[in-house]
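The structure under discussion appears below in the form of structure tokens.
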Amino acid sequence: MQYHRPDSLGGALTLLRDLGDSGVAIAGGTFFVPHRRELFTDVEAVVDLQGLGLDYVTLDGHALRIGATTSLTSLIESGALDGGPFKVISETASQITPLELRNRATVGGDLCMSAESDLPTTLLALNAELVIASDSGSRTLPLEQFYLGYLHTALQAGELVTEVRVPLPASSAGAAFYKFKRRAIDLPVLNAAAQVVLDSDGRCPSARIILGCAAPTPIRASSAEQALTGSKCDGEAVIRSSEAAQDIEYQEDLRASSEVRRTWGRVAVREVLRKAIERAKGGQ
Amino acid sequence: MPEGRVEFTVSAPIDKNWELFQNAETWAMCIPGCKGVTKVSETEWDGLFEVRVLHTSRTVQGRLRAVEIKAPSHIRYDGKGELREAFHRYGLTLRADMSLEAVSGGETRVTFVGDIAAKGLGGAIINKIVSSKMDEMVHGFEQNVRRILEKEG
């Protein structure tokens, strides 16, 4: 197997274009290495993205910008997330275990290769978008439009995710994350994240509630959002919204039955809403 | 069970459509990734398919049997197959159901429903992959059917 480590984005894109289906981009390699013999049998060359300078976390006034090759540990330790509206991102990444995985896994890799992870759920709740580069320029795509199916994204051949942008939420917004897993080291059986905006009367003009691992890709719990939107955000509204989260067609696989996921979906939505509302009331 | 469904109108009369769909040697070749179909008996066919997942190919072998035939408007095939990976083999159940309806101007309305389901706990992952490919597969099927029937017409 060939190994390439380009030092510019242009160089990486040219390599990937020339290699076609026989080349794959990697950074931390935490998905590629364990799945190499199952899902990457045609790969003859890897293009290591770690020399491209995409390891950064910056706050530019309107949005949080996270470079694609930022490791989860760097993300957690970044001062840009401390105590502000984005601390839910750091809290989410902290729950991805073990530590060795956080040290290697990157934000871009986690979003591109592992829809059944935790970060996509939280970043969807925060309405993040991706910057995607190719030989012909770059485009931005809402993360909501990125996941087309299990192991299937909107990324075209020769394209790379270079950055994640998370818009600065309203000052009256709060966000939270919650997950169920069997053991500390396991992938989540189900997770949830929510961002809730409150008005001066304590009502909710808008909410985004996302469930991860409920389906092959992270999904919006639309009925739960509708049950909360326009309501006064009290305990009753939270229960009503979490009950509405049960109407989703939950998937069944080797990690849990659909019935278990349905029950946990209700609990997870209840927990994230309680915490997100509490944070919104306290200005995060 | 991952199911794909597509409805489309073909500019070809119903008898031409029936000719295609009653013979798996012709219609199964319209499924994207189909590498070959062999007739086993008057109502049975063996097929070989290749499916791309990320940077690898999976091979599916299956036997289809025509179980409901109502000429010239409906035919259903059931079958069993096997998906081969480097280290695992998964048993599959297969189904293809075609309904045809003559519409004005010598055209035919085609409804195609197909599903492929892997058995067992590990099969749940295969089912997720198949689900994510189903839309692409049935729309590729539609284009290939049009290419054959409308070219002939």
Side-chain angles (χ1 to χ4, degrees), chain A residues 1-2 16 19-26 29 31-47 109 112-116 146-158 187 189 212-219 249-258 260-261, chain B residues 1-6 31-33 35 48-61 81-93 95 112-143:
Chain A
M1 173 134 358
Q2 296 169 38
L16 286 168
L19 289 165
D21 216 25
S22 68
V24 66
I26 66 162
F31 186 86
F32 173 74
V33 173
H35 294 98
R36 189 165 62 89
R37 291 198 291 176
E38 296 163 352
L39 298 171
F40 298 95
T41 50
D42 297 347
V43 170
E44 292 167 5
V46 293
V47 180
C112 289
M113 302 312 299
S114 180
E116 290 188 313
F146 187 62
Y147 296 110
L148 304 180
Y150 188 68
L151 299 178
H152 187 197
T153 68
L155 212 55
Q156 301 291 311
L187 286 171
V189 173
C213 306
T217 63
I219 52 169
E249 194 178 325
Y250 287 87
Q251 68 172 348
E252 179 160 320
D253 63 18
L254 69 175
R255 293 206 293 281
S257 68
S258 56
V260 165
R261 283 197 165 95
Chain B
M1 185 176 275
E3 183 180 282
R5 182 189 179 90
V6 65
I31 296 174
K35 296 295 173 195
L48 182 69
F49 302 86
E50 190 180 273
V51 185
R52 291 286 296 167
V53 182
L54 290 181
H55 291 260
T56 194
S57 298
R58 302 275 166 80
T59 305
V60 173
Q61 275 189 316
E82 188 177 74
L83 184 146
R84 291 178 185 181
E85 280 188 347
F87 309 106
H88 303 286
R89 290 181 178 193
Y90 298 94
L92 304 172
T93 56
R95 180 173 67 100
F112 174 82
V113 181
D115 62 50
I116 305 168
K119 297 170 193 166
L121 279 176
I125 292 172
I126 303 297
N127 289 340
K128 285 190 216 183
I129 292 170
V130 171
S131 292
S132 77
K133 297 256 169 198
M134 236 356 154
D135 275 355
E136 194 181 313
M137 207 180 286
V138 293
H139 285 105
F141 175 78
E142 174 191 340
Q143 284 173 5

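Here is how names work: the chains are called A, B, and so on, in the same order as the sequence lines, proteins then strands, and each is numbered from 1.
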Check: D21(A) main-chain N/O paired with H55(B) side-chain donor or acceptor under 3.5 Å: yes

Whether over 12 other heavy atoms sit under 6.0 Å from R5(B) CZ: no

Least distance between heavy atoms, G149(A) atom then S132(B) atom: CA-CB, 3.5 Å

Heaviest contributor of heavy-atom pairs below 4.5 Å to chain B, chosen from E252(A), H35(A), Q251(A), is Q251(A)

Using side-chain heavy atoms (C-beta onward) and a distance below 4.5 Å, is L54(B) in contact with H152(A)? no

Quick check: closest heavy atoms across D42(A) and S57(B), and the distance to 0.1 Å? OD2-OG, 4.0 Å

Run the side-chain contact (heavy atoms from CB on, under 4.5 Å) check on L39(A) and R58(B) step by step: do they pass? CA-CA 9 Å; L39(A) 298 171; R58(B) 302 275 166 80; 3.3 Å; yes

When heavy-atom pairs shorter than 4.5 Å are enumerated against chain A, which of V53(B), I129(B), D135(B), V130(B) gives the highest number? I129(B)

